[in-house]
**Q** 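Dropping a structure here in structure tokens format, bear with me for questions.
Every chain is numbered from 1, with letters handed out A, B, ... down the list of sequences.
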Amino acid sequence: MTDDARLKLRALPDDARKLLAPLVETTWRFRAAATVLGAIALWGLTAYYLQLRFGLGRTGLNQPEYWGIYIIDFVFFIGISHAGTLISAILRISKAEWRRSITRSAEFITVLVLGFGAIQPIIDLGRPDRLLNVFLHAQLRSPLLWDVISIGLYFGASTIYLYLPMLPDLAIIRDAGIKAPRFYRFLAAGYRDTPAQRARLERVIGVLAIVVIPIAVSVHTVIGWIFAMTLRPMWHSTIFGPYFVMGAIYSGIAAILIAMVVLRRAYGFHEYFRAVHFDYMGRLLLLFSLLWFYFTFAEYLTAFYGAEPAEMRTFWAKVRGPFAAPFWTMVTCCFVIPLALMCRRATRTPGGTLVAGVAVVIGMWLERFNIVVPTSVNPRFEFESLGHYLPSWVELSILAGTFAGFILLYMVATKFFPIISIWEMREGREASVREVAERVAGYLPPEPVAAD
Amino acid sequence: MGMRVAWLRRRVAQVRARPGEFGIVAAALLVVSGAIVAVAQGPGVAQPIAFNHRKHTQDLQLDCELCHSYVRTGAHPGLPSLETCAMCHQATQGTTREAARVTELVAQGRPLTFEKLFRLPPHVFYTHRRHVGIGRLECRNCHGNIALTTRPPARPLVKIRMGFCLDCHRRSGQTRDCIACHR
Amino acid sequence: MPRWGMVIDLDRCTGCAACEVACKSENNIATVAPEQAALGRTISWMRVMAEVEGEFPNNTLRFAPRPCMHCDNPPCVKVCPVEATYISPEGIVGQIYPRCIGCRYCANACPYTVKYFNWYAPTWPESERAHLNPDVSVRPKGVIEKCTFCHHRLQKAREEARAEGRELRESDYQPACAEACPTRAIVFGDLDNPRHRVSELRHDPRAMRLMEDLGTEPKVYYLTPRT
Amino acid sequence: MPPLAHEPGHLGRRRFILTLGGGLAGLALAESCDVRWPADEAAGPGWAPGLEERLNSTCLVCPSRCGIRGRAVDGRLVGIGGNQLHPLSRGGICPRGAAAVQTLYHPERLRTPLLRVGARGAGRWRSLTPNGALTFLADRLQQLRAAGRPEALAVLAGYCAGSMDAVWRQFLRAFGSPNYVADAYPDGTDAIMAAMHGIPQRPSYDLERAGLVLSFGAPLFEAWWSPLQAYVAFGRPGEERERHPRFIQVDTRFSRTAARAHEWVAVRPRTHAILALGIAYVLIKEERIDADFLARHVAGFDDWLDDRGTLQPGYRSLVLRHYRTEEVSAATGVPIERIVGLAKMVADRGPAVAVCGADVTQAPDGLPAGMAVHSLNVLTGNINRPGGVLFRDEPPLAALPPAALDAMTRRGLARSPVALPAPLGAPNARRLAEEIAATQASPVEVLLLYYANPLASSSDGATWTAALSRVPLVVSFSPFLDETTSQADLVIPDLLPAERWQDGPAPASYPYPVWGIARPLVTSPGGGRSTGDLILALAARLGGTVGASLPYVDFEALLKARARGLYDARRGMPFGDEFETEHQQQMQERGWWLASAPDFEAFWTALVERGGWVDPFYDHTDPTRLARTAGDRIELIPQQLRRQADGAEARDPYRFRTDDDRTADAFPLRLNPYRMSTLASGTVGLAPWLAERPTTFPEVHWIPWVEVHPMTARELGLGDGAMVWVVSIRGRYLAQMKHFAGAARDVVNAPYGLRHPDGTLANPLQLLDGATDPLTDLASWCTTFVRLERA
């Protein structure tokens with residue numbers, strides 16, 4: 001980067017200077033990490049090429065284990081994608097003031113991870129060359145098609161929901177002229193931050209925030225329904241819709257927490273991600289760990305109590321059979337660890353939330369594994385209960401490649417866009433204190449007027 | 001919002017104002033699609049002999065079944081082998097170079113293998129028996145004016161696709177069940 | 001409109017698997033390499049399921065030859081996103097290979113596990129291609145395949161009957177498995193036609209269907225073994 | 001808002017996007033137009049008109065010789081189904097028969113004759129023309145005759161009952177050699193019948209009309225003489241419960257027959273006969289025997305005075321003395337109530353037919369054990385009765401012309417054969433190998449192998465290796481390079497069954513004479529000549545006595561000439577449907593006969609079209625079908641055995657040892673080899689369809705396996721599916737170990753004849769201890785002990 005850009009950066013006001021610094025400064029650590037991640041992603045691409053060339057036989061899938069890592073990743077990534085849009089929308093609507101530094105990074109997770117999630121079923125297709133059949137010969141009875149629709153909608157909505165609130169920041173970058181002027185001029189699309197524009201923008205964001213919530217809920221509900229609409233033991237369950245939505249939000253919060261801790265360290269955003277953010281997000285995580293336990297318990301108790309033989313084969317396979325290890329690891333990661341760490345203020349620190357977040361992300365991946373695989377290898381027709389599943393190196397490479405690709409893209413995004421909203425911070429400083437005071441005053445009975 | 005709509009209108013107007021840009025894009029589109037279709041279709045079918053259908057079917061009034069012997073009974077109608085040609089071309093017929101070549105081949109006993117022109121994908125269960133033998137369809141219903149050609153066409157005169165089959169099935173009230181034709 | 005169905009008498013079945021091999025021969029089903037077979041990727045549209053229960057010397061065998069059930073209410077058809085699997089007016093659940101995108105949702109939805117996936121393209125030694133049945137296509141890689149009640153035989157039988165200007169007879173259309181069965185345990189025909197044996201046998205007191213409680217309405221009936 | 005559109009970069013971006021869109025649209029176009037289909041979908045009907053031909057023939061894959069119906073499309077055999085008219089199989093087919101299309105087009109099939117160029121077994125060959133091979137062989141045989149040693153020609157033939165057997169015998173007789181050895185699945189039942197009935201013939205079983213089929217180790221649904229015969233009997237009268245024969249399987253393992261029979265009686269190895277006599281004990285005690293039949297037709301039931309005037313114990317005394325129910329129960333492991341129940345069922349559900357399997361006779365005391373099983377049929381009088389044991393005759397084919405003999409042939413025939421017959425039996429492969437291996441200068445100079453692969457199928461592989469190395473010229477007619485064929489000097493591959501003319505008479509187990517005709521269903525793409533035609537051509541080439549004895553242009557002509565015997569016999573009929581067959585049977589019962597064809601040509605055409613000839617009538621009143629012993633009585637204590645061996649054994653043949661010496665703890669498990677329904681002979685590898693799933697249980701694919709009880713395996717620390725070496729004192733082989741709850745705790749069940757994917761045979765027979773039954777020469781399959789070692 002040029003010294004010119006540095007000079008221009010230095011001339012900016014405090015928030016903008018700090019938050020735009022990653023756009024002009026790139027450390028060797030970043031380059032090293034990007035190289036490694038890029039290599040892994042390329043490796044994953046190579047593996048996919050092999051699978052494309054020779055067939056899905058390159059995976060460890062078989063009969064009756066028709067679905068494996070790819071579908072697990074699909075559910076997992078789409079789940080993570082609930083991080084941003086949904087959480088930021090909820091926080092925005094509920095006027096949680098502490099959201100201001102968090103929303104942007106969360107929304108980026110959504111848009112990027114959604115792409116990586118959406119390609120998973122395509123990777124899983126036997127005939128990706130016939131993908132267009134899904135549109136040419138769409139059969140609306142199939143939950144898979146509902147999914148195509150809701151994910152498409154969600155992707156569109158969340159991209160807009162990421163882009164629009166970024167407009168003022170893009171205008172700031174354009175005006176500062178620190179980087180690729182034409183690029184930012186195009187993206188800023190003539191936004192001048194006039195009061196009229198600002199007011200219109202805020203109105204649109206408010207509407208979008210409301211619209212995006214039902215779409216987000218529908219996405220993971222429908223993914224849950226993909227499983228629930230079949231007659232398979234421990235899939236055919238009405239709880240799956242809400243269970244999946246809850247799990248998605250849970251894993252999303254964990255992903256945001258990890259991103260916050262990493263961004264805070266990597267870009268020195270200590271002043272923006274403060275103890276209170278971790279404390280509040282930690283509380284949210286705590287709430288969801290309890291919710292997760294409630295849902296899981298309800299789901300398993302129902303299956304256990306009904307004791308239908310077909311269901312029980314899957315149930316016991318998870319609880320004390322060949323899948324006991326992933327099952328109990330899941331319980332530990334999704335419930336025990338986050339509960340233990342997040343129920344005490346002393347551990348709702350960046351370090352504590354990082355540990356809990358990582359545990360939840362791992363646990364939620366395992367949860368999807370525990371939903372997909374044990375049921376697959378224990379089909380209802382019991383003669384076929386000879387199933388087994390060992391992912392092949394191709395699947396694991398694609399898994400690693402997808403993770404690496406997502407992280408890499410996220411890193412690159414932080415180099416082009418402020419990962420913390422500049423204007424929302426400024427707005428917070430300028431307007432919010434007064435607004436909050438007024439709001440709080442509005443909650444209370446009016447102060448008695450002194451009798452004169 | 002109104003402002004963005006106005007902006008969009010302006011942009012469209014700008015593009016309209018410069019047909020050159022539009023033309024380039026359209027040309028590129030055409031070239032690419034054309035290339036793809038050409039590559040996908042391949043070079044076409046070449047026959048070992050420039051067989052004159054018109055000569056045989058119109059001038060000489062020979063029946064299709066004479067050379068395509070299984071057209072009423074087989075799945076595929078069959079193509080004439082050298083023996084079929086030899087029925088007449090033992091001695092040179094006519095004056096063309098191709099006719100002389102056939103006679104030469106017959107004399108030498110060298111095999112003559114015609115190439116298939118109209119091809120169906122292998123997942124279609126189609127029999128000529130059903131359509132010609134039982135259904136009494138005319139050859140030209142599906143093969144167009146092949147009988148009037150004077151040179152072997154490189155590509156089918158009629159593109160036989162599922163829609164083509166279904167149109168006829170619909171018109172004639174025949175089955176439109178998938179597995180009636182897909183195997 | 002006929003409604004094709006099958007009755008399998010478990011009392012007569014010896015588990016010899018002639019039906020399996022006859023099916024493989026009729027429907028061009030390729031074998032898979034030994035390591036693929038060990039992974040569980042063999043294809044067998046008709047398959048004699050057998051499981052030994054109990055301890056020596058008091059073993060019993062739980063078994064059933066299992067083709068596609070051709071359900072009247074097929075769970076696989078509902079979930080297919082591209083209508084590659086569908087139920088024909090005569091009740092045969094068809095699989096259209098050139099349409100299938102290979103998502104395997106139908107395979108997961110089928111409670112009877114009758115749907116098979118081509119993990120690789122099926123392969124044959126060159127010389128073995130000579131015995132491929134020209135009435136049945138060889139599947140490409142990456143699509144689902146399954147028992148079709150040998151519907152190509154129905155296509156041909158109809159053609160034959162029309163050529164001879166007569167009605168279709170019970171014996172005209174028999175799937176390869178039913179034809180091969182040495183103990184005549186497999187009976188096939190029109191369930192609604194009182195002149196066909198299946199329509200009588202399915203009302204036998206021994207008749208049952210697999211997982212009837214799921215409401216899939218299978219058209220394959222089993223006559224339970226007498227003890 | 002500034003105008004943006006003039007920047008070139010902007011334009012480029014949009015063009016890029018549009019071009020990309022256009023490309024995608026083009027792809028969509030190409031896709032939706034179905035313009036091109038990938039190569040992997042290219043297998044279709046292609047050019048061929050799809051002309052179909054369906055021809056009846058006879059399956060030659062196993063001895064059952066079922067009727068088949070081949071479906072050929074444009075000259076390719078695309079399917080094999082059953083022939084509805086065949087009286088034995090009635091349209092049914094077995095997996096092996098259906099999979100024969102894969103054998104026909106097997107990539108490893110030999111198409112041209114091969115002459116060895118390198119060392120024996122080195123696998124280096126030179127192709128010969130069919131005529132070159134014929135000349136080569138003819139020259140070598142001429143040399144034998146020129147040297148005055150016609151007896152130095154020997155033929156070892158596998159199961160080829162019918163005209164091929166007759167042609168081989170005729171050929172050797174005219175050539176002047178007594179050395180014809182048939183290795184046709186010996187199971188010792190002919191020796192049992194020879195000893196007890198004086199009829200040296202395998203028995204027939206009228207399973208269909210039996211009330212109870214009591215099988216002692218006979219794998220009725222697996223590698224039996226005719227599984228189809230058993231299937232038809234098992235499945236036939238399904239709706240009429242009373243007529244449904246009840247199948248009871250006495251077996252050492254939970255075989256498929258045991259699993260699907262109505263009852264399975266598990267016995268310890270080597271105790272089948274003890275159970276049979278235990279049942280006899282109850283029948284005698286309860287007086288549920290056919291006393292009238294015993295009195296009129298049976299000798300040796302009661303005690304009798306021998307020539308020296310001493311009182312000899314009869315069958316009754318021996319059984320009552322030694323086979324008290326408690327003792328039988330203790331020896332066999334079958335509970336007392338079960339034994340009594342079985343006896344009651346034999347008495348009540350008659351006619352009860354006891355079928356004796358190779359499990360019983362392939363033991364050191366196999367012959368008496370088989371006699372013990374058969375004695376149940378004698379006790380119930382169920383011989384020569386509907387639903388019983390029958391002795392049927394062969395189809396009345398026209399005999400080949402008497403062999404022409406000259407001085408040299410007479411001299412050769414007068415020589416003693418290399419392989420002398422067993423005391424009760426025929427010349428056999430084991431003796432042939434031993435004799436050749438024992439001498440430095442082999443008595444056999446040319447050895448012809450016809451469907452014989454003794455290196456794989458015999459238990460004395462080492463002897464055979466030695467024997468083969470001594471024979472100067474070994475010729476094999478196998479269409480595949482099997483173990484023995486790869487050790488040959490000359491291979492003249494036969495055509496496969498679907499390409500040649502042959503006949504296939506029904507096996508002895510079927511109670512009616514059936515003559516199936518195997519005819520070419522397709523022509524062999526590589527040309528070639530069937531061995532039958534080759535032998536006829538060879539005879540013509542050799543000329544002289546040989547040529548005069550086999551005066552047929554080809555095998556089809558020979559079959560047609562022999563069929564004249566059927567036409568002239570004025571009985572039987574070309575195959576017909578069940579109604580026609582029943583009608584003919586009823587007519588013949590009343591002494592009538594319905595002619596089926598106006599002349600011989602029409603008769604022959606009908607025979608070929610319908611697949612063969614059957615005589616559905618069996619004469620139950622013919623006394624020569626009961627006994628042909630000296631006293632015309634069935635001998636429960638055979639006098640022939642007394643003459644064979646004088647001693648305690650002869651006085652009481654019904655004593656059996658069960659205390660095999662297992663070599664201490666080194667070999668703790670008993671080896672229990674068995675034949676598979678999908679593979680009986682071991683000469684050809686399994687068709688891929690069969691190799692992929694050789695059995696319905698246990699779940700195995702491709703890899704040869706052994707079955708071990710899960711507890712036993714766990715004690716050995718071996719998990720399900722582990723690869724193990726099966727080790728005996730004589731050798732070892734590699735197999736996959738499957739946990740199998742239907743195996744006894746102290747045995748290893750070992751299917752015979754399977755190959756690893758690389759082609760090596762996993763052969764439990766190589767491990768056998770070498771014990772034989774001295775009376776029949778049958779190898780013992782049940783006295784070998786092994787251990788399992790992790791591979």
**Q** Can you confirm if the aromatic rings of C:Tyr173 and C:Phe149 lie within a centre distance of less than 6.0 Å?
**A**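 Ring centres of C:Tyr173 and C:Phe149 not closer than 6.0 Å.
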**Q** Chain C: which of D:Ala259, D:Pro698, D:Ala741 shares the most heavy-atom pairs with it under 4.5 Å?
**A**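 Among the listed options, the one with the most contacts to chain C is D:Ala741.
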**Q** Going by atom types alone, do C:Thr85 and C:Lys115 pair a side-chain donor with an acceptor below 3.5 Å?
**A**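 Judged by distance alone, the side chains do pair up.
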**Q** Checking C:Ile186 against chain D: side chain, backbone, both or neither under 4.5 Å from a heavy atom?
**A**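 Neither part.
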**Q** Tell me, for C:Glu53 versus chain D, whether the close heavy atoms (under 4.5 Å) come from the side chain, the backbone, both or neither.
**A**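 Contact with chain D: none, neither part.
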**Q** Would you mind checking which part of C:Ala17 comes under 4.5 Å of any heavy atom in chain D, side chain (CB onward), backbone (N, CA, C, O), both or neither?
**A**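 Interface part for C:Ala17: both.
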**Q** Name the region of D:Ala230, side chain, backbone, both or neither, that has any atom closer than 4.5 Å to a heavy atom of chain C.
**A**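 Neither part.
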**Q** Heavy-atom pairs under 4.5 Å with chain C - which of D:Arg109, D:His262, D:Arg693, D:Arg745 has more of them than the others?
**A**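 Highest number of pairs under 4.5 Å: D:Arg693.
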**Q** Where does C:Thr60 contact chain D at under 4.5 Å (heavy atoms): side chain, backbone, both or neither?
**A**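 The backbone, not the side chain.
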**Q** For C:Leu223, is it the side chain, the backbone, both or neither that has a heavy atom under 4.5 Å from a heavy atom of chain D?
**A**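 It is neither, since no heavy atom gets under 4.5 Å.
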**Q** Assess D:Arg256 against D:Phe221: is NZ or CZ under 6.0 Å from the centre of the six-membered ring, and within 45 degrees of the ring's axis?
**A**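 No.
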**Q** Select one option (side chain, backbone, both, neither) describing which atoms of C:Pro125 are under 4.5 Å from chain D's heavy atoms.
**A**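 Only the side chain of C:Pro125 comes within 4.5 Å of chain D.
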**Q** Answer with side chain, backbone, both or neither: which region of C:Cys16 has an atom nearer than 4.5 Å to a non-hydrogen atom of chain D?
**A**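 Both parts, backbone and side chain.
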**Q** Less than 4.5 Å to any heavy atom of chain D: does that hold for the side chain of C:Phe63, its backbone, both, or neither?
**A**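 For C:Phe63, the side chain is the part near chain D, not the backbone.
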**Q** What part of C:Ala176 lies closer than 4.5 angstrom to a heavy atom of chain D: side chain, backbone, both or neither?
**A**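 When you check distances to chain D, no heavy atom of C:Ala176 falls under 4.5 Å.
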**Q** Can we say C:Glu179 and D:Arg69 salt-bridge, meaning some charged N sits less than 4.0 Å from an Asp/Glu carboxylate O?
**A**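 No, C:Glu179 and D:Arg69 are not salt-bridged.
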**Q** Judged by modelled atom types alone, do D:His701 and C:Gln36 share a side-chain donor-acceptor pair under 3.5 Å?
**A**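 Side-chain D/A pair, D:His701 to C:Gln36: absent.
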